[in-house]
Every structure is written in structure tokens, then in C-alpha cells.
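Lettering of chains follows the sequences in order, A, B, ..., and the numbering in each one begins at 1.
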Amino acid sequence: MRTHVLAALHAALPGLPNEVAARVEVTPTRDPAHGDMATNAAMVAAKQAGRKPAELAASIAQALNAAGVAEASVAGPGFINLRLAPATLRAQVPVILEAQEAYGDSFVGQGVHVNVEYVSANPTGPMHIGHCRGAVVGDALSNLLAKAGYAVTKEYYINDAGAQVAALAWAAYWRYLQAIGTALTEDDFAAIVPGGLQYRGDYLVPVGNALAAEHGRSLAGEDATPAAPSVWLDTVRDTTIATMLDSIREDLAALGVVQDVFTSERALLEGGAADRAIAALRAKDLIYEGVLEPPKGRTPEDWEPRPQTLFRATQYGDDVDRPLQKSDGSNTYFANDIAYHADKAARGAAVMIDVWGADHGGYVQRMKAAVRALSDGRDTLDVVLCQIVHVLRGGQPVRMSKRAGSFVTLRDLIDEVGRDAVRFTMLTRKPDAQMEFDLDLAVAKTRENPVFYVQYAHARCRSLFRRAAEHVPAERLGEEALAQAELGLLTAEPELALLRRLVAWPRTVEAAALAREPHRIAFFLYDLAADLHMMYNRGNDDAALRIIQDPPSDAMLPRLALVAATASVIRSGFRVLGVTPVEEMR
RNA sequence: GGACCCGUAGCUCAGCUGGAUAGAGCGCUGCCCUCCGAAGGCAGAGGCCGAAGGUUCGAAUCCUUUCGGGUCCGCCA
């Protein structure tokens, strides 16, 4: 289309400079009254040409109409509106019916290998609601990118190294001692734990029991007293992490999330990845020993200047250089994370996308800096930050306390409102806006609830076919038969509006993928559902516009073709979101 | 003190990367079923896009400043 416009522009204005032509855009309109597409060609070129935009637009439109591509008209300050001939729109129906859920698949990704890392909850306990949004956003984003033609790897990073994991092992060990009948009280035990006893939730009780069943009393000292950590720590830690990870995988599966790669931080570090990554940066002269300034305005009590090993993050747009080693000489988490991203790059990810919680916002710049530094700018890291989710019940915030009565786990959430509602609802906000998750709304059967509304549209489509089968032989209702229908009979405005929406699906997929915004898919489906409901309801006002007619009218099969195409695109969108379409409402 | 995110209808939020008269849902007013699923649809009222400057043919969108709300700020991962 754009080439046609440029041709017309050049016809009207010979000798137009290329830099002006480059600014010509042909974009879909916001308002259907303005046609299907519009171009700014006249306004962009007017100044250079020394002519009035409206006048120039008129001559361009004339050229376009003469070319016969579409109906062109001048509007507003000099826009040229282009209305596709209805026949062009209708011709897409067989295309959709043939492609089915593959409609909207795109090649914009050009097969570029993208690694999407999400969830990555520490394996120290069951998943809670805080993890849920990232899990859904990451998963839907992965599906979206795959549909847009990227080669996607879904990845989970297991933080199984460091102090937290040791604390977890101690907590599990306590449950083990209990299982074999220790005489110690919890306070007695807590007193000997380095850093104090954490993770006191009873979800570790089964782990303790399992350890007792497998190892008997061999991990403990006399009379079920604590043994030296060298006796038990590695065993308990590995067992506990494995158990926690299994539990997390189950939770993810319940949410419909299945990831391709689980990378262990511990395994990476034991393979020397951190040292290699730091050495690589050092070779680029990006590492030095230095002393950081204290944060302004809010200096910690125990602040004292101290020489540290620093990465020159400021050379890549960060605010300050970032430490790679703690004062005891061990690596910071950042150093380990650099190693992890180097590993992802080495595995072929030219584009990395990390889905993080809002509390990691201050971490984005340094990580991007590191990725660029490691690859000399070839690889890129995009970070999708998911803001906090507030859960509401009866209009009141649900307290996230661990006391019984107010749930905190992901599993509880899924059990209460269902997987599809959780997923869709989490995607009805852009990730970087805070959101409220209204438990009552998520299961409501009204238009307020987008999940319901879109599901209803799909069910309605299916229902129409069940009704149609009562009047028309089944062989005329298949995709191939419908593609042959007399589509020229689709002339009513609600039908054409629905058609225009369906045709917008491919570019919606592309735009959402490029922006890394899966929520746009959810909004598209909502709009599509509205168009379907509107077309359907028009039949209530005017019997001639009903889809199912008895006896069958000529327009019935073309309308059913449109309905089938709609259902297909809804399924296509649901597949991206990870939502299961329903055949009927109950 | 600094960094990042968000301020759009009374409420909850979109706004397709700079386009035309800023859109949905809820709530409010009034309509549409002797049934193609009313679990829906139509119409109306409701806005200085937090504020002020700037960039240009054109700004909710980009830049600067500013005011609210949220996240966070060297040895936590």
C-alpha cells in the first residue's frame, strides 16, 4: 500500500527528496469512519513543496483513485483516507479459515533466538501470588514471540547457591530432627543455626519425614541431636532443593507454564562461570579496584568506605560502577548473574528477555550494561518489570499474611478462580502498571469480567454452529465448504466491522511482540468479542440479519464463515495467552 | 539525595510507539428478547489526558522542570 502512495506522491511532486519520502507513513486508522488506512503523505511533503497540504492531498488522492487500489479521499488537515474495497476484506475470510489458529503467524522475528527467563522463584518454598504475574507474563510473551517468528527458549534460573539455600537446608534439617524424635525445642535448635532459623513454615515437614525415611538416623548425632554440618548439609540441601523444585514445577504446571530449560546457579558456579565472566570483563579493562561513594541522603549507619572490585557499569549507561565482590572476597549476586547471562549468550541467545518483579527495578541498568559489555554491544537484554499485584476480595485488600485463612500460595489462587481466569486477568494490565486482582470479578459472569466475556463469545460461535447443524447438512459447515460461501453477501456494517477486526489480528501480533506487551492480545480479544456480540445482537433488532435462518437464507453460510473465522482467531489468541477456549457456557 | 515505574471520565483501565472530534467497562438516564444463548446489545450524560514550559504541520504520546503515588538504593538473593 505504501508503495502505491509513494508512487502517487512522486507523480504529484516530481523530484521529491528521499528524506521527505522516508517520513511518509501508511497506518491503520483509529476511527473506522476514516477508512481502513490513512497516510500523512501530503502533510509531510507540503512544506518542502511549498503547497497547501489539502491541495496537495487532493492531487495525490486523484492519482491513487486513478490507480484503482482503493478508494482514496481527503480529510481533515490533509490526511488521505484509504478505504479497502469490501471485496479485499472478504477475501481474507478463506485465508483465515484455511490457516485456522496459525492465522497471524508472522516472520518479523526472522528466527532470531530469544531467551525469555521468567519466574525464577528461589526454591525455598511454594510459589506465592507475587510470582504469578511474572510467570503468566513471561509465558504469554514467549508464546507471542514464537507466533511472531522468533525462536524462543523458555527458561527458569534456579537460585540454588548462596546463603538462602544454606538457611533452607538448616530449616529442613530441623524438620528431619523432629521426624526422628529429637528432644530439642525449636528455640534450642534456632540458637545453633548460623544467622538464625528461617523458613519455619510447615511445608518442610514432609521433606524432614522423607529424609528420615531415606537416611534413618544417620544424618544426626547421638539421641537425635544435631550433627556437624559436614555430615548432613550437602545431602539435606540437595534433597530439599529437589523437593522444592518439584513442588514449583507442579505449581507451574497447574498454571499451564512449562519451561524448556532449568539452569542451576550452583552448577554454573561450580563450573567456574563467574571467574570466567569476570576475567572476560577484566580483559576489556572494565574491572578495577575502587571505593564507592555512599548513597546520598540516606547513608546507612554502618557505612564505611571500603575498596571493592568494581565493574565499570557507568561506561554503559549505569549511574555508578557496581561491586562484583563482597568484603570477604566472595562474589556478589551481580557477579554470578553476569556469569549466568554470559552463559545464556554462549547458548545462542542474541536477545535476552528477563521478566522481573518491580523490586528489581534498580538492577536493570547494571545488568543491561553487563550484557552489552560482554558482547561488545551485539547482544541485548530487555527487562520486563512486573509491578505489584494487590489482591481484592469483596472490594477489600487481602492481607498477605502467613496466618491461616488468607491464602498466599499460587495453588490456592488457581483453586479459587481457575487457571484460565488467573492467566487472562493477569494479562489485562500492562506489566509496568500496578494492578488489582479482584477475586470476585475473576469469576463473575458479566461483561465486567473480560475472561468471561471473551469465552462467551467463543461459546456463542460454537453454539451457532450447533444450531446451524439442525438446518444445514454438516458437510456444508466445514472450513473448506465455508470458504466457498458467497462472501459478497456480507454487507451489513456490523459484519464488515467484525471483518476489519479479524484482519487486524496479524499486525496486532507483530506490534505486541515488538513491544513485548502480551496484554495487547487480551485487549484485542476483548474488542473482537464485542464486535461479535454486536453483530449477533443486530439480528435481534432485524430478523434479516440473523445468522441462523429457518429456512436457511443465502446469507447464512457466509455469516457462518465469518463466525467460524472469529472463533478461530479467538482460539489463536487464547493459545498465545495460554487460555483454554470453552465450547459452551454452563 | 538519587534511579526506575505509574498519574487519562466519579471508579477500574486501554490508547496500536507523533495524527483527525481522546476510547472501553462499572456506576448514572432511557431503550431492545412469543427465545440464532438478554450471561448480550443500542443510545445519552460524564475529560483542560496531574501542572508548566519546549520540540513541529500536529503531542495523552517525545524533551525539560515540577507536584502526587509506588518500587528500590555497597557486602540480600
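Applying the 3.5 Å distance criterion, the base of B:A20 shares a donor-acceptor pair with the side chain of A:N81. Looking at A:R447, its side chain has no donor and acceptor atom pair within 3.5 Å of the base of B:C26. You'll find a donor-acceptor pair under 3.5 Å spanning the side chain of A:N537 and the base of B:G40, going by distance alone. On a pure distance criterion of 3.5 Å, no polar donor-acceptor pair joins the side chain of A:H533 and the base of B:A39.
Ring-plane geometry between A:Y363 and A:H360 is classed as perpendicular, the angle between the planes exceeding 60 degrees on a 0 to 90 degree scale with a lower cut at 30.
Applying the side chain to side chain donor-acceptor pair (under 3.5 Å) definition to pairs two or more places apart or across chains, those involving residues 523-550 of chain A are A:R447-A:Y526, A:R460-A:H533, A:R501-A:D531.
For B:C33, the O4'-C1' to base torsion is within 90° of 0; the nucleotide is therefore syn.
Per the stacking criterion (ring centres < 5.5 Å, plane angle < 30°), A:Y333 does not stack onto the base of B:C76. Stacking is found between A:F79 and the pyrimidine-like six-membered ring of the B:A20 base under the 5.5 Å centre-distance and 30° plane-angle cut-offs.
A side-chain N or O of A:N159 and one of A:Y333 form a donor-acceptor pair less than 3.5 Å apart. Side chain to side chain, A:E510 and A:S106 meet the donor-acceptor criterion of an N or O pair below 3.5 Å. Using a 3.5 Å distance cut-off with no hydrogens or angles, the side chains of A:T309 and A:E289 do pair a donor with an acceptor.
Going from the P atom of B:G46 to that of B:C32 covers 24 Å, rounded to whole Å. Spacing between B:U8 and B:G50 at atom C1', rounded to whole Å, works out to 10 Å.
As judged by a 4.0 angstrom heavy-atom cut-off over every strand, A:A530 is placed among residues making no nucleic acid contact. Within 4.0 Å (heavy atoms only), A:D541 reaches sugar-phosphate atoms of the nucleic acid but no base atom. Among the atoms of the strands shown, none is found under 4.0 Å from any heavy atom of A:F524.
Of the residues in residues 544-562 of chain A, those lying under 4.0 Å from RNA chain B by heavy-atom distance are A:R546, A:I547, A:I548.
One finds no side-chain N or O of A:K430 lying less than 4.0 angstrom from the OP1 or OP2 phosphate oxygen of B:C16.
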Note to self: Between A:R467 and A:E470, is the salt bridge (Lys or Arg N to Asp or Glu O under 4.0 Å) condition met? List the steps.
What the structure shows: CA-CA 6 Å; A:R467 297 298 302 254; A:E470 297 168 10; 3.7 Å; yes
